[in-house]
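Residue numbers start at 1 and run along the sequence shown. Just so you know, ligand 1 is whichever comes first in the structure, and atom 1 is the first atom listed for that ligand.
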Amino acid sequence: MALLEEPVKQERTLRNFIAGEWVESTGEAVDVVNPAKMTRIARVPISTKGEVDSAVAAAKDAFAEWRRTTPLARARLLFRLKELMEENFEEISRIQTQEHGKTIDESRGETRRGIENVEVACGIAMLLQGDYSQDVAQGIDEWVVPSPLGVFGIIAPFNFPWMIPLWSAPYAVAAGNCIVIKPSSEVPLSQDYLGQLVEEAGFPPGVWNIVQGGRTVVTALLEHPDIAGITFVGSTPTGRDVVYRKCGETGKRVLAQCGAKNFMTVMPDCDVERTIAAMMTSFFGNAGQRCLAAANCVIAGGSTAFYDRFVERVVAAASTIRIGYGLDESTQMGPLRDPSKKQRVLGYIEQGIQDGARPLLDGRSPNVQGDYPATCFLGPTILEDVDPDSKVGSEEIFGPVMSIMRAKDLSQAIDITNANPFGNGHSIFTSSGATARRFMYDVESGNVGINIGVVAPMAFFPFGGVKDSFFGTLHAQGKDAVRFFTDTKVTIQRWF
Ligand code: NAD
């Protein structure tokens, strides 16, 4: 199929979006590289603490007026933003593919998911209603109203450059807060583009700010006295040891969605065809760089003949996945985001084999369609007889690697799954309602999939994990997001 046109044609150094202006950073700029072609497509500044201070000051200034703007007037701007997103849907998607490497269909899915969060936030007015009690004492009434808190920092990872800030941003601003977004410096173009749409939609200056950069920006946000709260999505070491800890020290609200190691349990009574189709997307979609990607496949019970035939079919299906540049519409799996991520995954595969796992499919020398450097590409890899306690069986790999393990029955499969420290998106494939229900009750996971491989909740449902996958109280999206971005203030009035 034809190669789609690349939207980013001219290299430029990105700027920050502060107080409604595009401002050059004084920080040093680093390269943004298309991982399929290994060509530079932009430069992104590593912004300074001073630039964070300016963005927070702009947001604080804007807050005074924005919080008084009616919920429907705020929603109207979000409606306009949503229209602009729809008008530019294809361009948004292609930018993600160009900067991240995922296939164009994966990017289109990501664009849609991002837009859905804006759509849900457009209806926030009813969720901002309060509660009222009359005559709590004679002639005295009491009520509570959810109110915005001020300025929030939104810190994003590399794997969903467009969607992840949209798990927070629309709810935050719809509720009357102002925001400073810090995109991943590896994939800064999608948020830069979103900033342009925000500007065109006509948001008042300072309501929505973007500061590009790395750790300096994160630290400055975490330490800033005028930041009321932080939403973070990224790895567990950063989320738990840096963000959650620092927010505890500085007394900020925090929601930190972190790493994962998702287990998929396969029961012998599953619909084999559909299970294998779901497995291909879940293990290998987004080249395995997804917090909801399955990593371990636990085949529970069943005969040896079932096991052998099932695994053979899984390997056959994975072998046909076409690897290449995501803007080629026939591509089914793109590259990893950068060479160091590929090296990390290679390290896990090698370690796994050393620890006794058997490679049934080895993606280390992939057959890449088209004339692209192999630098970031890896093929689907399937390891058998993986020990769940080994490094490859227990740690987050974040690459296209499936580890297969056996359990004697459902109970053992659940025990193996729950022994892992993460709890983000575990799933089961079965045709038995009773088995599915038991799994749903007993498995320790923020999101549970029953005959679903990628357990991504819709925008009007909350989204977050448990154990080492989440640090905080309220989750992202939906009603949880509305509560996270508001405070409850009780007023008591005597009617003379
Ligand atoms: P990361 O932790 O390396 O980076 C996340 C953000 O934190 C980036 O903006 C980065 O610049 C910043 N950062 C990194 N190290 C820092 C430090 N020491 N101090 C301050 N800031 C720092 O994560 P990543 O590699 O970009 O993303 C992949 C991770 O994100 C995976 O672990 C994945 O599971 C996780 N993730 C989780 C979810 C979820 O919903 N649970 C969703 C997507 C991704």
Next on the checklist: So if I apply the side chain to side chain contact (heavy atoms under 4.5 Å, CB included) rule between Phe284 and each of Ile323, Ile382, Val401, Thr381, which one comes out positive?
Outcome noted: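 The residue from Ile323, Ile382, Val401, Thr381 that satisfies side chain to side chain contact (heavy atoms under 4.5 Å, CB included) with Phe284 turns out to be Ile382.
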Item to check | Residue among Val187, Leu189, Asn34 satisfying side chain to side chain contact (heavy atoms under 4.5 Å, CB included) with Gln98 | outcome: Asn34
Tell me which part of [X] gets within contact of ligand 1: side chain, backbone, both or neither, using heavy atoms under 4.0 Å.
{"X": "Asn159", "value": "side chain"}
{"X": "Glu396", "value": "side chain"}
{"X": "Ile164", "value": "side chain"}

Item to check | Gln212 backbone acceptor or donor facing Ser47 side chain under 3.5 Å | outcome: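 Answer holds: yes.
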What atoms in ligand 1 come closer than 4.0 Å to a heavy atom of [X]?
{"X": "Ile155", "result": "6 (C), 7 (O), 9 (O)"}
{"X": "Phe463", "result": "40 (O)"}
{"X": "Gly259", "result": "32 (O), 34 (O)"}

List the closest protein heavy-atom neighbour of [atom]: residue, atom name, distance to the nearest 0.1 Å.
{"atom": "atom 19 (N) of ligand 1", "value": "Arg215 CG, 3.6 Å"}
{"atom": "atom 41 (N) of ligand 1", "value": "Cys258 O, 2.7 Å"}
{"atom": "atom 39 (C) of ligand 1", "value": "Cys291 SG, 3.3 Å"}
{"atom": "atom 12 (C) of ligand 1", "value": "Val218 CG2, 4.0 Å"}
{"atom": "atom 10 (C) of ligand 1", "value": "Lys182 NZ, 3.7 Å"}
{"atom": "atom 27 (O) of ligand 1", "value": "Pro157 CB, 3.3 Å"}
{"atom": "atom 8 (C) of ligand 1", "value": "Ala156 O, 3.2 Å"}
{"atom": "atom 7 (O) of ligand 1", "value": "Phe232 CE1, 3.5 Å"}

Distance flag, aromatic centroids of [Y] and [X], threshold under 6.0 Å:
{"X": "Tyr244", "Y": "Phe232", "result": "no"}
{"X": "His475", "Y": "Phe463", "result": "no"}
{"X": "Tyr325", "Y": "Tyr372", "result": "yes"}

Mark the output for [X] as yes if a heavy-atom distance to ligand 1 is under 4.0 Å, and as no if none is.
{"X": "Ser185", "result": "no"}
{"X": "Val243", "result": "no"}
{"X": "Trp167", "result": "yes"}

Based purely on interatomic distance, does [X] place a nitrogen or oxygen under 3.5 Å from a nitrogen or oxygen of ligand 1?
{"X": "Ser235", "value": "yes"}
{"X": "Gln257", "value": "yes"}
{"X": "Gly213", "value": "no"}

Checklist entry - Does some side-chain heavy atom of Ile181 sit less than 4.5 Å from a side-chain heavy atom of Val211? => result no
Under a 3.5 Å cutoff, is there a donor and acceptor pairing between the side chains of [X] and [Y]?
{"X": "Ser340", "Y": "Asp338", "answer": "yes"}
{"X": "Thr231", "Y": "Ser168", "answer": "yes"}
{"X": "Glu51", "Y": "Thr26", "answer": "yes"}

Item to check | Pairwise salt bridge (charged side-chain N to carboxylate O under 4.0 Å, His left out) hits with a residue in residues 164-190, at least two apart | outcome: Glu186-Arg337, Glu186-Lys341
Checklist entry - Can you list every pair that meets salt bridge (charged side-chain N to carboxylate O under 4.0 Å, His left out) and has a residue in residues 474-486, with sequence neighbours left out? => result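 Checked against salt bridge (charged side-chain N to carboxylate O under 4.0 Å, His left out) - neighbours excluded - no pair reaches residues 474-486.
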Checklist entry - Counting heavy atoms only, which of Leu222, Thr238, Thr236 is nearest atom 15 (N) of ligand 1? => result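 Looking at heavy atoms only, the winner is Thr238.
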Checklist entry - Given Pro188, Ala260, Gly234, which one has a non-hydrogen atom that is nearest to atom 35 (C) of ligand 1? => result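 Selected option, by shortest heavy-atom distance: Gly234.
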Checklist entry - Looking at Trp22, Trp208, Tyr193, which hits ring-ring contact (aromatic ring centres under 6.0 Å, His included) with Phe17? => result Trp22
Checklist entry - Counting only non-hydrogen atoms of the protein, does one fall under 4.0 Å from atom 4 (O) of ligand 1? => result no
Next on the checklist: If the threshold is 4.0 Å, N to carboxylate O, is there a salt bridge linking Lys246 and Glu223?
Outcome noted: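 Answer for the salt bridge query: yes.
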